[in-house]
Participant: 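Okay, handing you the structure first.
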Protein chains: 2
Amino acid sequence: MTSTQELTKNQALVFNALARAEGPLSAYTILDQLRGEGFRAPLQVYRALDKLLDYGMIHRLESINAFVACSHPHNHSHSHGMTAFAICEKCGQVSEFSDEVITGRVREWTSENGFRQSKTTIEIRGVCANCAAA
Amino acid sequence: MTSTQELTKNQALVFNALARAEGPLSAYTILDQLRGEGFRAPLQVYRALDKLLDYGMIHRLESINAFVACSHPHNHSHSHGMTAFAICEKCGQVSEFSDEVITGRVREWTSENGFRQSKTTIEIRGVCANCAAA
DNA sequence: ATCGATATGTGATGTTATTACATTAGTCAA
DNA sequence: TTGACTAATGTAATAACATCACATATCGAT
Ligand SMILES: [Zn+2]
Ligand SMILES: [Zn+2]
Ligand SMILES: [Zn+2]
Ligand SMILES: [Zn+2]
């Protein structure tokens, strides 16, 4: 499930909406953008989003109830490790990065505490370099 | 603003609801618990929550839209640094911890990228040791 | 052709959070 | 004490986010 070709119609529409967006989009923003394509109900968006999350093609930003296309170009097959997001509160731009040290420390804590980790959210809110300069 | 004595009536009611709870509570759960005390509208809860967040007495768990009392006993005056939460999806128990290494790595990334950090969310979802054993 | 699995369409409902406006209670200086 | 200011509160309405329930369609394998 690695290329946009293998997606269903709705999944492809939702993914493309996210891929061409400058920043994160809410489910309802996506819905509105796709009304022209025949979308009428939230579930059409949420179902596609769920699949795209499964496939690792998009991420959900918990702190702003929004979704972004994964910035790792192609090859989403390997569910990539712990990812952190820096979210600009001025312009909405999102930077995605992985850090082995952070990943390692989280794993240490979980194994020391017998915690069976399933998903980890790391989101840094603030102002990006561009917006800070302006 | 360090003791529950200095809180307003509504703030104290909301804080006590969180403090005596086993795990995180949603705003509407708090509202329902406080109907007996005269609470009638969401805003009574949200306004108190906002203040308690300001004072550093509680935390918001972004990934589950819920709130928990800070587990650092007393002295919330110093807004404590970057905090991580391990949230059990079975029993709801939350463990709060700080990690210098993670804090340091996040700061490195932000300073390298000129990102002016304001708030950082670290939430580990999974199953706690107790629940994993059961 | 039939069946099962996956995807879709649609309305209603549930959950979380904010806006807008009116009122009340504390603070402090004139 | 009054007036003026700020913080806190009460309330209804609405907005924003997400899911449930049920019907229909599409597709591949037998
Ligand atoms: Zn990614
Ligand atoms: Zn920016
Ligand atoms: Zn804390
Ligand atoms: Zn547990």
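Chain letters run A, B, ... following the sequence lines, proteins first and then strands; every chain starts at 1. Only a predicted model underlies this, so the values are computations on that prediction, with no experimental measurement involved.
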Participant: Tell me the interatomic distance from A/L31, atom CG, to D/dA15, atom P, rounded to whole angstroms.
Facilitator: 16 Å

Participant: Give the rounded distance in Å between these two atoms: CZ of A/F39 and P of C/dG11.
Facilitator: 15 Å

Participant: Please give, in whole Å, the distance from C/dT8 P to A/L49 CG?
Facilitator: 12 Å

Participant: Hey, can you tell me if A/F97 and B/W109 have their rings parallel, tilted or perpendicular (30° and 60° cut-offs)?
Facilitator: parallel

Participant: In whole angstrom, what separates A/L7's CG from C/dT6's P?
Facilitator: 16 Å

Participant: Given salt bridge (charged side-chain N to carboxylate O under 4.0 Å, His left out), test B/R105 with A/E100 step by step and report yes or no.
Facilitator: CA-CA 10 Å; B/R105 278 305 291 139; A/E100 314 74 19; 5.7 Å; no

Participant: Looking at A/F85, is its backbone amide N or carbonyl O close enough to the side chain of A/E123 to form a donor-acceptor pair, meaning the two atoms are under 3.5 Å apart?
Facilitator: no

Participant: Using a strict 4.0 Å threshold on nitrogen-to-oxygen distance, state whether B/E62 and B/K119 make a salt bridge.
Facilitator: yes

Participant: Tell me whether the side-chain N/O atoms of A/T8 come closer than 4.0 Å to OP1 or OP2 in C/dT6.
Facilitator: no

Participant: Using a strict cut-off of less than 4.0 Å between a Lys/Arg side-chain nitrogen and an Asp/Glu carboxylate oxygen, indicate whether B/D50 and B/R47 qualify as a salt bridge.
Facilitator: no

Participant: Identify whether the distance between the nearest side-chain nitrogen and carboxylate oxygen of A/R35 and A/E37 falls below 4.0 Å.
Facilitator: no

Participant: Using atom NZ of A/K51 as one end and atom P of C/dA5 as the other, report the distance to the nearest whole Å.
Facilitator: 13 Å

Participant: Rounded to the nearest angstrom, tell me the gap between atom CG in B/L52 and atom C1' in D/dA8.
Facilitator: 13 Å

Participant: What does the list of N/O pairs under 3.5 Å between the protein and nucleotides 16-20 of chain D look like, with a distance for each?
Facilitator:
{"unit_1": "D/dA18", "atom_1": "OP1", "unit_2": "A/R60", "atom_2": "NH1", "d": "2.9"}
{"unit_1": "D/dA18", "atom_1": "OP1", "unit_2": "A/R60", "atom_2": "NH2", "d": "2.5"}
{"unit_1": "D/dA18", "atom_1": "OP2", "unit_2": "A/Y46", "atom_2": "OH", "d": "3.0"}
{"unit_1": "D/dA18", "atom_1": "O5'", "unit_2": "A/Y46", "atom_2": "OH", "d": "3.4"}
{"unit_1": "D/dA18", "atom_1": "N7", "unit_2": "A/Y28", "atom_2": "OH", "d": "2.7"}
{"unit_1": "D/dA18", "atom_1": "N6", "unit_2": "A/Y28", "atom_2": "OH", "d": "3.3"}

Participant: Rounded to whole Å, please give me the gap between CD in A/Q44 and P in D/dA21.
Facilitator: 19 Å

Participant: What's the NZ-P distance between B/K9 and D/dA7, to the nearest Å?
Facilitator: 21 Å

